[in-house]
Amino acid sequence: MLVKTYGASVQGIDAIVITIETVVETGFSFCMVGLPDTAVKESYQRVQAAMSQSGEEWPRRKVMINLSPADVKKEGAAYDLPIAVSALAGNSKIPTESLEGTMIMGELSLDGSLLPIRGVLPMAIRARQLGFRRMIVPQANATEAAVVNNIEIIGASSLREVVDFLRGECEIAPTIVNTRAEFAAQSDSFDMDFSEVKGQENVKRALEVACAGGHNILLVGPPGSGKSMLAKRLPTILPPLTLGEALETTKIHSVAGKLKKGSRLMTVRPFRSPHHTISPVALVGGGSNPMPGEISLAHNGILFLDEFPEFQRSVLEVLRQPLEDRMISVSRAKYSIDYPAGFMLVASMNPCPCGYYNHPTKECTCPPGAVGKYLNKISGPLLDRIDLQVEILPVAFDDMTSEAPAESSAAIRERVVRARKIQTERFAGERHVHCNAQMNSRLLKEYARPDAEGVERLRDAMTRLDMSARAYDRILRVARTIADLDASETIRPHHVAEAIGYRNLDRSTWGAYS
């Protein structure tokens, strides 16, 4: 008897349907084909034990299973449940009509209980796209899958429960999630706020500009000046995720297995902060079993690299292409996968190895040339992709003890959202351009031309401060964002002046405090 059940395999951050074709006939043997990996081949032992503990029995006949399409490698233990169901159906223990329009995925424990799996959300999206009417998944993954509307999600806790449900001997209520209502209720939920930060008003302003235009930013300052504290509060002033962005972000974290048990839709922009010992593969993704890297987990959010120069140069250099393309292509001998990587880079560093170069009260103990050598750990092409380079001074004692209320994240976020709305309308006809940081040379000429006085001020700064040519475009992009924050169509001289002030790390002016 030939029986077909349907599962799914994750490719990148999307899923493809896998058909589990099972033939049960006269004889006594077992064969599984269709490029199963070791974990899939071992399902035979797990399924046998789970059936036995669930009061069922593996067919005492010849069983052949084909995982189609046969040229796609099948990985992981998530095929246990559809294999068990297809074997029972092939042995006439489950009615085949109950399998029509049903996608089934889940890992079996030896006692027959169902364990959570990765990538349920993209599987559910694919099932809906192909017209499946329902999907059976482990109970722990039910709320994640139920984010997808117009498909019935059945969350089961054991093989016994699934078999009884397919036989019509028990009812399992579909899991229902009101996606839009939950998204709206949780999109402003944060544990931190900029009102908790004392002083550093100039740095807060720089971070506001960075978020308003989607600019990458580098914070340079001595230990204890608040670089990490400020960076961790950036998600509180970024524009809220749209429903489409939230779904895409949740898909990536689902594939990577980063969603907590019972998780639903991610409602807050991700903030990823990998340690400086990270490898290039862990940053960009890939591996023997392809997984999204940190830059993809930071998609639609922030990638924070603390102690920037301490990262291996080979690690930092792999950032150059995804910073421009907002996509990373991982190509290996056996596969080629594209992962999204539309993140905002936020980096922080000490000004020198000892940390106190140009400190107002502490003396730098580094030998001559150490400051330049430290900065040279970051390549010019990478610095070229960082629009704002801001130096931070230690917080003054009066600011630390001040009782005056600081501006809240909500107030800053309101201005950022207004500026982003202006940019959305401006670039409505442009593909792959959503904010000022993504403007190319053509768009700069069209939208980022200062008035005559602003041009003169920029010319004077470029000459007097001996700024590099790469700083020119960056200044114009940032000036355009500052003008948007002021709701000004024209880039005025004070917009240009403020943008110039955010180029502190240009080599010829390094260490000069304004």
Side-chain angles (χ1 to χ4, degrees), residues 5-20 76 78-79 81-82 85 98-107 114-157 161-162 165-166 171-187 189 240-270 291-292 296-297 299-301 338-340 342:
T5 57
Y6 299 94
S9 174
V10 175
Q11 303 286 314
I13 64 167
D14 296 311
I16 61 172
V17 171
I18 301 296
T19 304
I20 296 93
Y79 299 99
L81 183 58
V85 168
S98 67
L99 304 179
E100 294 177 3
T102 303
M103 180 178 283
I104 305 172
M105 289 298 283
E107 178 183 346
L114 283 173
L115 304 177
I117 60 175
R118 290 196 304 253
V120 165
L121 181 57
M123 293 176 187
I125 292 172
R126 189 62 176 161
R128 182 185 64 180
Q129 290 172 344
L130 295 178
F132 284 85
R133 61 186 177 89
R134 70 184 178 190
M135 184 175 182
I136 300 176
V137 297
Q139 184 64 52
N141 295 119
T143 52
E144 177 189 339
V147 166
V148 182
N149 299 321
N150 302 321
I151 183 171
E152 194 176 80
I153 302 299
I154 305 298
S157 58
E161 194 173 3
V162 172
F165 172 76
L166 292 173
E171 290 291 329
I172 303 177
T175 302
I176 298 174
V177 173
N178 190 332
T179 306
R180 293 186 180 277
E182 293 210 2
F183 178 72
Q186 299 179 23
S187 59
S189 177
L241 284 168
T242 64
L243 192 56
E245 288 176 332
L247 192 61
E248 185 180 30
T249 305
T250 308
K251 278 174 60 178
I252 298 169
H253 286 251
S254 173
V255 170
K258 300 295 184 182
L259 293 180
K260 296 179 182 178
K261 182 178 179 180
S263 294
R264 301 180 183 180
L265 198 65
M266 291 183 65
T267 57
V268 177
R269 293 187 182 273
M291 285 290 170
S296 296
L297 293 172
H299 181 63
N300 291 323
D338 292 334
Y339 290 120

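Tested against V147, the residues L247, T175, V120 include a single side-chain contact (heavy atoms from CB on, under 4.5 Å) partner, L247. Partner of H299 under the side-chain hydrogen bond (donor to acceptor under 3.5 Å, both in side chains) criterion, out of R269, H253, E248: E248 alone.
Here the closest non-hydrogen pair linking A124 and V148 is CB-CG2, 3.8 Å. Shortest non-hydrogen contact noted between S296 and Y339 is OG-CB, 3.1 Å. Between L114 and A156, the shortest heavy-atom distance links the atoms CD1-O, 3.5 Å. Considering all non-hydrogen atoms of both residues, P82 and G106 come closest at CD-N, 4.3 Å. Annotation for G155 and I172: closest pair O-CG2, 3.6 Å, computed over non-hydrogen atoms.
Put simply, the side chain of E144 reaches to within 4.5 Å of the side chain of L259, judged on heavy atoms. The shortest side-chain heavy-atom distance between I154 and P174 falls under the 4.5 Å cut-off. In this structure, the side chains of L121 and N141 stay at 4.5 Å or more apart for every pair of heavy atoms. In this structure the side chain of I136 reaches within 4.5 angstrom of the side chain of L166, judged on heavy atoms. Residues P138 and S157 have side chains not in contact (no heavy-atom distance under 4.5 Å, counting atoms from C-beta outward). Side-chain atoms of V255 and R118, non-hydrogen and from C-beta on, never get closer than 4.5 Å to each other. Residues R134 and M103 have side chains not in contact (no heavy-atom distance under 4.5 Å, counting atoms from C-beta outward).
The closest donor-acceptor contact from the side chain of R133 to the backbone of E100 lies under 3.5 Å. No donor-acceptor pair closer than 3.5 Å links the side chain of E245 to the backbone N or O of L241. The backbone N or O of M266 sits less than 3.5 Å from a side-chain atom of T250, completing a donor-acceptor pair.
Expressed to the nearest 0.5 Å, how far OG of S254 lies from CE of M123 amounts to 7.5 Å. If you take CG on N300 and OG1 on T242, they are separated by 7.5 Å, rounding to the nearest 0.5 Å.
The ring pair (Phe, Tyr, Trp, His ring centres under 6.0 Å) search around F132 returns Y6, not counting sequence neighbours. Scored by the side-chain contact (heavy atoms from CB on, under 4.5 Å) test, E107 finds A77, D80, L115, I117 as partners (sequence neighbours excluded).
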Which atom pairs, one a donor and one an acceptor, fall under 3.5 Å between side chains of residues 7-18 and the rest of the protein, sequence neighbours left out?
residue : atom : partner : partner atom : Å
S9      : OG   : Q11     : NE2          : 3.3
D14     : OD1  : K251    : NZ           : 2.8

Side chain to side chain contact (heavy atoms under 4.5 Å, CB included) between T19 and T5, worked out
CA-CA 6 Å; T19 304; T5 57; over 6 Å; no
Could you check L81 against M105 for side chain to side chain contact (heavy atoms under 4.5 Å, CB included), going step by step and ending with a plain yes or no?
CA-CA 6 Å; L81 183 58; M105 289 298 283; over 6 Å; no
